[in-house]
There are 2 protein chains.
Amino acid sequence: MLTLHSRRVKRILLYAAIGGVLIALLRLIEYEHFVHAYPAEMYGGLLAIFFTAVGVYVGLRWMRAKEVVVIREVRVRDDSPFAANETARKDLGITPREHEILVLIAEGLSNREIGERLFVSENTVKTHSSRLFDKMDVGRRVQAVQKGRELGLLP
Amino acid sequence: MLTLHSRRVKRILLYAAIGGVLIALLRLIEYEHFVHAYPAEMYGGLLAIFFTAVGVYVGLRWMRAKEVVVIREVRVRDDSPFAANETARKDLGITPREHEILVLIAEGLSNREIGERLFVSENTVKTHSSRLFDKMDVGRRVQAVQKGRELGLLP
DNA sequence: GCTGAAATCATCCGAACGGATGACGACAGA
DNA sequence: TCTGTCGTCATCCGTTCGGATGATTTCAGC
């Protein structure tokens, strides 16, 4: 829209400039003489130029917004890099650490392995996962993974 | 493209028609008298009309090809209905029953619940899942779900 | 009729998991 | 400074899971 608009403005300015140039030209080449020698042609020419400009303007105005928008729905495999849904996470009151544990659970790691990965004790992992399950309202890790996927918490 | 083209044709025809009508009108209302009474205004008017039309035409001609085709690529989740990958299943030697159990595991059910769902004992379910894990080369149900998804064994 | 695959059920054991609860330090915000 | 949240660790207990092993039945295919 902006492009089209500024393009029309450009065009109007162009015609104005052309008009100016023509007038200047007339001044240069014995305007007075010319006008007196061919008054009808002069007026006719000016009229022609002016109304051509008007025509252009009117025509464009009516044809404006004829930007044909084709919405082509392309089916693409949705492999957007996955930005974890922070909103959903916060809505459920899940802390970043808990979310981290959820991700590792989804990878199929045991609590022990998660603990090793994060350099914390297995007990800590269990605490986190317990609270996580509470907040997600699930009772098993597979359910957590499933629900996490639905909520956009997991890829 | 077709629309725009035929629209321009329509417009040209419209102007032609208007011109025709005007001429007819002049004929009707004492054309001769009118022309002789106001010759300059007549010519001026005709010129104005004509060049307005010319302007419209020229303007449209230059602005033509402005059928901006916006290809809006809509990202759609590729949820093809999921036909369980029989090939992968057979390649791994996974029996239909085992696959059935895999699906229920992926739903987050416990072995007991799966047994109830399938009207078999929990022990049976355990046997199936054990053999399933063997064949899938995993050691935990979450891993089985994850791998099953990769292999197209799960939605 | 024998063979093999598939499905069923069982038992035993150790590991993993889930739930409940308590405690402590760090740190942000009122 | 007090409070609340977060992250950490622990213990206890009961459940679930996974692995190993053995047994029975059914049924299709040779």
Side-chain angles (χ1 to χ4, degrees), chain A residues 84-151 153-154, chain B residues 84-151 153-154:
Chain A
N85 189 345
E86 282 293 306
T87 311
R89 210 209 70 212
K90 285 175 181 160
D91 281 356
L92 293 175
I94 295 173
T95 72
R97 197 55 157 175
E98 285 161 359
H99 179 256
E100 210 174 345
I101 265 104
L102 174 59
V103 171
L104 295 178
I105 285 178
E107 284 182 21
L109 301 187
S110 70
N111 287 337
R112 179 183 309 277
E113 288 164 342
I114 294 175
E116 286 165 4
R117 182 83 70 96
L118 299 182
F119 304 107
V120 296
S121 92
E122 185 187 348
N123 291 310
T124 304
V125 177
K126 287 184 60 178
T127 307
H128 283 316
S129 61
S130 274
R131 285 207 269 257
L132 180 64
F133 295 161
D134 260 10
K135 291 170 183 174
M136 296 184 73
D137 192 30
V138 296
R140 274 184 277 280
R141 35 182 65 211
V142 178
Q143 291 175 343
V145 172
Q146 197 201 26
K147 199 152 188 175
R149 216 179 295 278
E150 287 171 6
L151 295 173
L153 261 35
L154 293 173
Chain B
N85 189 345
E86 282 293 306
T87 312
R89 209 209 71 212
K90 284 174 181 161
D91 281 355
L92 293 175
I94 294 173
T95 72
R97 197 54 158 175
E98 286 161 356
H99 179 256
E100 210 174 345
I101 266 107
L102 174 60
V103 171
L104 295 179
I105 285 178
E107 283 183 20
L109 301 186
S110 70
N111 287 337
R112 180 184 308 278
E113 288 164 342
I114 294 174
E116 285 166 4
R117 183 83 70 95
L118 299 181
F119 304 107
V120 297
S121 91
E122 185 188 347
N123 293 310
T124 305
V125 177
K126 287 185 58 177
T127 307
H128 284 314
S129 60
S130 274
R131 285 207 267 260
L132 180 65
F133 295 161
D134 262 8
K135 292 171 183 174
M136 296 184 74
D137 192 30
V138 296
R140 275 185 277 281
R141 34 183 65 209
V142 178
Q143 290 175 344
V145 172
Q146 199 201 25
K147 199 153 187 173
R149 213 178 295 278
E150 286 171 8
L151 295 172
L153 261 36
L154 294 173

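Naming: A, B, ... by sequence-line order, numbering from 1 per chain.
- Scanning for side chain to side chain donor-acceptor pair (under 3.5 Å) contacts around B:Glu100 gives B:Arg97, with sequence neighbours left out.
- A sub-4.0 Å separation between OP1 or OP2 of D:dT16 and a side-chain N or O of A:Arg140 is absent.
- Nearest-nucleotide positions on DNA chain C for B:Lys126 and B:Ser121 put B:Ser121 closer to the 5' end.
- Sequence neighbours left out, the pairs with a member in residues 87-96 of chain B that pass salt bridge (Lys or Arg N to Asp or Glu O under 4.0 Å) are B:Glu86-B:Arg89.
- Of the residues in residues 100-115 of chain B, none lies under 4.0 Å from DNA chain C by heavy-atom distance.
- Atom OG1 of B:Thr87 and atom CG of B:Leu151 lie 11.5 Å apart (nearest 0.5 Å).
- Considering only side-chain N and O atoms, A:Asn123 lies under 4.0 angstrom from the phosphate OP1 or OP2 of D:dA10.
- When side chains are defined from C-beta on, A:Leu132 does not count as touching A:Val138, because their heavy atoms never get closer than 4.5 Å.
- For the pair A:Val120 and B:Gly139, both in contact range of DNA chain D, the more 5′-proximal nearest nucleotide belongs to A:Val120.
- Taking CG from A:Leu118 and NE2 from A:His128, the interatomic distance works out to 8.0 Å, rounded to the nearest 0.5 Å.
- For B:Glu116, there are no salt bridge (charged side-chain N to carboxylate O under 4.0 Å, His left out) partners, not counting sequence neighbours.
- In this structure A:Lys135 satisfies the salt bridge (charged side-chain N to carboxylate O under 4.0 Å, His left out) test together with A:Glu98, sequence neighbours excluded.
- At D:dT8, one or more side-chain N or O atoms of A:His128 fall inside 4.0 Å of OP1 or OP2 (strictly under the cut-off).
- An angle of 40°, rounded to 10°, separates the two end axes of the helix from C:dG1-D:dC30 to C:dA30-D:dT1, each defined over five pairs.
- B:Leu102 CG to B:Glu107 CD: the interatomic distance, rounded to the nearest 0.5 Å, is 10.5 Å.
- A:Thr95 comes within 4.0 angstrom of sugar-phosphate atoms only, judged by non-hydrogen atoms across all strands, and of no base.
- A side-chain hydrogen bond (donor to acceptor under 3.5 Å, both in side chains) check over residues 137-149 of chain A, counting only residues at least two apart or in different chains, returns the pairs A:Asn111-A:Arg141, A:Arg140-B:Glu113.
- The salt bridge (charged side-chain N to carboxylate O under 4.0 Å, His left out) test applied to A:Arg112 returns A:Glu122, not counting sequence neighbours.
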Do any N or O atoms of the protein come closer than 3.5 Å to N or O atoms of nucleotides 23-30 of chain D, and which pairs are they?
none

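- The side chain to side chain donor-acceptor pair (under 3.5 Å) search around B:Ser129 returns none, not counting sequence neighbours.
- You can see that DNA chain C meets the heavy atoms of chain B within a 4.0 Å-exclusive cut from C:dA6 to C:dC17, reading 5' to 3'.
- Counting to the nearest Å, the C1' atom of D:dT5 and the CG atom of A:Leu132 are 17 Å from each other.
- The line from CG of A:Leu109 to CD1 of A:Ile101 is 11.0 Å long, rounded to the nearest 0.5 Å.
- Residues passing the side chain to side chain donor-acceptor pair (under 3.5 Å) test with B:Ser121, sequence neighbours excluded: B:Thr124.
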